[in-house]
Undergrad: 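Here it is: the structure, laid out below.
Source: prediction; values computed, not measured. These values consider heavy atoms only, across backbone and side chains, with no hydrogens, waters or symmetry-generated copies. A note on names: the letters A, B, ... follow the listed sequences, proteins ahead of strands, and every chain is numbered from 1.
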Amino acid sequence: MSNAWLLVLGANSDIAVATARRFAKEGWNIYLASRDMDNLAKEAANLRLRYEVEARETFFDAIDFASHQAFYAALDPKPAGIIVAFGFLGDQPAAQKDFSIAKKIMESNYTGAVSILEVIAQDFEARRSGFIVGISSVAGDRGRASNYIYGSAKAGLSAYLGGLRHRLAKSSVHVMTVKPGFVATKMTAGMDLPKKLLASPQELAEAIYHGILASHNTIYTKKIWRLIMLIITHIPEKIFKKTNL
Amino acid sequence: MKLTAWGQYPVIDTKVILPNAVLAQKLVLESSVIPFGNGRSYGDSALAPNIVPMLSNDRFLNFAEESGLLTCESGVLLADIIEIFVPRGWFLKVTPGTKLITVGGAIASDVHGKNHHVEGCFSACVQEFTLMLADGAIVRCSREENQELFHATCGGMGLTGIILEVSFSLKRIKSKHIDQTTIKTGNLEETFAAFEAYKNFPYSVAWIDCLAKKADIGRCLLMVGDFANDGNLNYKAKKNVSIPFEFPGFALNNLSVRAFNWLYYGKVRKRVTQSQVDIDSFFYPLDALDHWYRIYGKGGFTQYQFILPKEKSLIGLKEILEQISSSGKGSFLAVLKLYGPANENYISFPMEGYSLALDFKIDPGLFALLDKLDEIVAYYGGRIYLTKDVRVSKTIFEQGYPLLDKFREVRSRYGLNKRFHSLQSQRLGI
């Protein structure tokens, strides 16, 4: 797939970097889009040196909705694939007290994705090609006391991606939803998380790359999470209320 | 988080400070921090209550095609550099016997390789690096700028701050192959003579049968070589084999080591043989085995590496090899190498002379033997390699490093001794 461009939105996250590298390894050129341009420039240099592909950094603010149309219009050439990797975990207790934090969580994880993806979907639909990968979360599968504001935004994102997949299937555009469980990233380093449930960003990137090749609709990483979430979503509400998840 | 280094001893509890945008803010709150690369130093030199894991700091930033100057972040593995640059006709100027270390680690240990007698240590190819100091400030260090910090950091075991970005030179190669000559010798005198006779080869190292006795003491296979000229740069890293579990204690005993050594030495029949080998088998034979430390069982192992001044090498090595041989403690690998002159760095290991490195399974009685060997090393004016060490005494260490006080003075002047410590630096009062 050389000469094709992948657009990575939220390109400073560990998952985004690993995924960009995985695609670059296969010859994809990469747009890295986020706010920290210095960091993006370094990763772009890294991609060029490591994989001998083209890589460009470009400014993108997920919650500056008004800028999204112009942002996408400025990309030349247009990308053949999109990874939506931006998001914001936020602090649940803080968000319960301060709506501005809750709003930031919702906008970063949901509204921003809808805003930019509607712009991109129009283009892909017209071109009748392309793929979109959205990084959602297992947290969206069932609301839990410990992170339900984040979880509800991710639930919105998962439902949105499902609908977009339905719509774009008619235009040969594939939409894949990724639901990671625990990932060993900057956010989780140093925490003692169970190894069997913990995926590295590289594992996730590998799963995303192969998921796209195989046109999977929704992938869980690691796979065990599909089972875990199946169980969690089927616990009767009566019992669930008494748990400490 | 539980953490150990390559020798699997000791295991400690440690807290992680990430090398991200808020590193400086986090760093200044702690008093015992050490950067941690790929965990390939053997002992306790990268273990501390707080570590900064550097592997995620792994971006390539620039490569000047004309000069071969590579700029990258300090967590880049030498293995990545090789994988990317050998096919483009470049190789490391200096590489140790494993490629599974970071660039930052290569500087902190001021690593050396089979070509030390020609190219010196890793620092010789380093032009400059950026270093985060105790207060979180970032400074540029080179031979012209902050040169004291430069010379303290090269070989400084991570005790001078966090290395962030490094510019260093690669060298041109025309092949992924090495033309190798193997010379078989019968005793230590012959081994020394062979090192001298073949010193025009850029790469040389000897494998010593350290369980040989009496007249055979010091017999070796000396391997020398240089890159071939055939233009074949089609390099792919080899697939690894993993040692799946710790060997039980009895698996490694005097007999099995003796058998291994006998087979290894005995399989070479002629006095001089020629062969062509690839980069991985020539430079990194052990990297092909993941978790090879498991051969030594659960108690861990250590590598004892010392160097003696050239004029005292023959007599000193003989004494040491006799001690080891009569102790019956086994070592699969005893690696002997003739080094070139020392550099200006304050506590870099190499000096002109012969160095021997041996692996030992950690068992009761080992440290007593090593203490005895230390006395011989110190008596002849030699020193111990910190990167491998987990047990040397403060006295022996201090005797070996005449510029140690200079190192301490620079550390104290920059307040680095208030922030950066490893178990090793505390053990040795560095």
Undergrad: Which bit of B:Glu73 is near chain A, if near means a heavy-atom gap under 4.5 Å: side chain, backbone, both or neither?
TA: side chain

Undergrad: Taking the six-membered ring of A:Phe88 as reference, does the NZ or CZ atom of A:Lys104 fall below 6.0 Å from its centre and within a 45° cone about the axis?
TA: yes

Undergrad: Can you say whether B:Asp80 sits under 4.5 Å from chain A via the side chain, the backbone, both, or neither, judging by heavy atoms?
TA: side chain

Undergrad: For a ring-ring contact (aromatic ring centres under 6.0 Å, His included) with B:Phe85, tell me which candidate from B:Trp90, B:Phe168, B:Phe63 qualifies.
TA: B:Phe63

Undergrad: Non-hydrogen atoms of chain A under 4.5 Å away: do they reach the side chain of B:Leu61, the backbone, both or neither?
TA: both

Undergrad: Can you give each donor-acceptor pair under 3.5 Å made by side-chain atoms of residues 122-131 of chain B, sequence neighbours left out, with the distance rounded to 0.1 Å?
TA:
from     : atom 1 : to       : atom 2 : distance (Å)
B:Ser123 : OG     : B:Asp110 : OD1    : 2.9
B:Ser123 : OG     : B:Asp110 : OD2    : 3.1
B:Ser123 : OG     : B:Asn345 : ND2    : 3.0
B:Glu128 : OE2    : B:Arg140 : NH1    : 2.5
B:Thr130 : OG1    : B:Glu165 : N      : 3.0

Undergrad: For B:Thr71, which residues count as a side-chain hydrogen bond (donor to acceptor under 3.5 Å, both in side chains) partner, sequence neighbours excluded?
TA: B:Ser167

